[in-house]
There are 2 protein chains.
Amino acid sequence: MQNSQSSSKRFLDIIGELQSLISEQKIEYGDRLPSERHLAEKLQVSRTAVREALRSMELLGLIETRRGEGTFLSDFKKHQLVEVLSTFIMQQARSIQDVVDTRMIHERAAITTVTENEELRMLPVWEGMQSRLREGESVFSREDMVRETIVATENRLSLKIWFLLKQYSGVSFDIAIEADEEVAIVHELLDEMMAGNKEKALICYEKWMDQVEGERRETE
Amino acid sequence: MQNSQSSSKRFLDIIGELQSLISEQKIEYGDRLPSERHLAEKLQVSRTAVREALRSMELLGLIETRRGEGTFLSDFKKHQLVEVLSTFIMQQARSIQDVVDTRMIHERAAITTVTENEELRMLPVWEGMQSRLREGESVFSREDMVRETIVATENRLSLKIWFLLKQYSGVSFDIAIEADEEVAIVHELLDEMMAGNKEKALICYEKWMDQVEGERRETE
DNA sequence: TATGCAGGGTGGTCAGACCACTCTGCTGAA
DNA sequence: TTCAGCAGAGTGGTCTGACCACCCTGCATA
């Protein structure tokens, strides 16, 4: 009938038709969709098929169902988002290097943002980190350091993406900063950040990451 | 029974049980799952319910179904990823500003990468852009300019994320670079990039974005 | 006027049936 | 003996019709 998968994947077609219907009828986020029975009749398929499509959409957060009330379009325009993300995820074919590179893009951006913003530089969290470093608290991990920096930027989207990439890249990130050398580098990084030296802070970051990378290779 | 949604969302429970079953029985990626009928019997639910769960998982790319053969566990370690993604997507709570900021993070990173890499700076695409700018070709849009820069970095993941964010941010990006002022800025940006002046290139970029932002506000 | 109940609509679930497809193993012909 | 071809079992895909649990509304009753 249409693309490669053709006969199979009817529920994907139904999802597509639902999306069309939503845009045609200008259904806004929070509005109610037609009932399952009406949809089945309108699309000329069984209620079973409609439900399979709806459940999938629900799992993706596109819709929300309330028994006795109906099915509602979730707010936000997540549709394309989900679509792109899922194709990206499903295709995989992603070289691990891209994931690492992209993760570092977000990390560098956070360092830059903090370093260039005086208010952010004065946050108590940095002092806390340095004292924890000095005292050699093993609870202070690489992940903590980077995460707090991104948190400080207050860009929660970047934080989410970073978190996701971190899991993906499979790097042993949840490791305490203990080795003297590493402690020194991170200390320097923090110093430069708090001093507002963007270039130097970034250089420290690169040094740090190089070291982490070297360590990873050794353990292979 | 369990969390807030309780009675509703049975299919979510089923998904959970399936995941348990998969890990218990050590089903590897590519292996076949028990048939829908067997699962229904094992989990003591109807085949309908099992199917709704399976279709959801299929849409997420966790499994793959082949008529006449069975249901197979997809490869890749998508599970956590999808989990993170869905919570991220479902929660929304995303301010549009975060989206714009994050998009710019990727754009700045691409400019930086190109500017710092001599090989990338020598790509013919930049010359082409400048001549197109000079000749005032309206086919040359803001989107083209930025996209090509990210393409040049060869980080396809970053490109995907950028593309996604661009769609989201709702900025009129598919606009030709025509105004004299804008042409001049982009020209300068390209010049600085090709000269390898990272700082100046980034300053140009900020100038450009400020102008685009100002323009957007005017048309509101 | 205010309370409470009944009915209709909605999603949630189920059993059972049939179809289309794939694989396997048996049967019969070469 | 070998191999082509067919039949059957098993699988996902779809549909029907039914019942349940729940929510809302409006009407009847106190």
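Letters A, B, ... mirror the listed sequences (proteins, then strands); counts begin at 1. We use all heavy atoms of the structure for the numbers below, so side chains are in, but hydrogens, waters and symmetry mates are not.
- Between the CE atom of A:M57 and the C1' atom of C:dG11 there is a distance of 16 Å, given to the nearest Å.
- A salt bridge links B:R55 with B:E36; the closest basic N to acidic carboxylate O contact falls under 4.0 Å.
- Proximity note for A:S46 (side chain, C-beta onward) versus D:dT16, C:dC18, C:dG11: the nearest is D:dT16.
- Legend: residues meeting side chain to side chain contact (heavy atoms under 4.5 Å, CB included) with A:T153, ordered by chain and number and at least two apart, are A:A110, A:T113, A:V114, A:I150, A:N155.
- At D:dG13, none of the side-chain N or O atoms of A:T48 fall inside 4.0 Å of OP1 or OP2 (strictly under the cut-off).
- For the pair B:E52 CD and C:dG12 C1', the interatomic distance rounds to 8 Å; values are reported in whole Å.
- Across D:dG12, C:dG11, D:dT16, the shortest atom-to-atom separation from the side chain of B:T65 is found for D:dG12.
- D:dG13 atom C1' lies 17 Å from atom CZ of A:R51, rounded to whole Å.
- Contact check for A:L54 versus A:L18: side-chain heavy atoms found under the 4.5 Å cut-off.
- Checked against side chain to side chain contact (heavy atoms under 4.5 Å, CB included), B:D210 has no partners two or more places apart in sequence or in another chain.
- Per the geometry, CG belonging to B:L54 stands 10 Å off C1' belonging to D:dG12, to the nearest Å.
- Partners of A:E148 under the salt bridge (Lys or Arg N to Asp or Glu O under 4.0 Å) rule, at least two apart in sequence or in another chain, do not exist in this structure.
- Rounding to whole angstrom units, CZ of residue A:R55 and C1' of C:dT13 are separated by 12 Å.
- For the pair A:F72 CZ and C:dG11 C1', the interatomic distance rounds to 11 Å; values are reported in whole Å.
- B:R66 has no side-chain polar atom (N or O) that falls below the 4.0 Å cut-off from OP1 or OP2 of C:dC21.
- A straight line from CD of A:E36 to P of D:dC15 spans 14 Å, rounded to a whole angstrom.
- In the set D:dT14, D:dT16, C:dT13, C:dT13 carries the atom at the smallest distance from any side-chain atom of A:R47.
- For the side chain to side chain contact (heavy atoms under 4.5 Å, CB included) test, residues two or more places apart in sequence or in another chain that qualify with A:Q25 are A:L21, A:I27, A:K42.
- No donor-acceptor contact under 3.5 Å links the side chain of A:R37 to the base of C:dG9.
- Counting to the nearest Å, the C1' atom of C:dC14 and the CG atom of B:L43 are 15 Å from each other.
- Remark: A:E206 engages A:M104, A:R108 in a side chain to side chain contact (heavy atoms under 4.5 Å, CB included) (not counting sequence neighbours).
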Shorter than 3.5 Å, N or O on both sides, protein versus nucleotides 6-10 of chain D: list them out with atom names.
| residue | atom | partner | partner atom | Å |
| --- | --- | --- | --- | --- |
| D:dG10 | N2 | B:G68 | O | 3.3 |

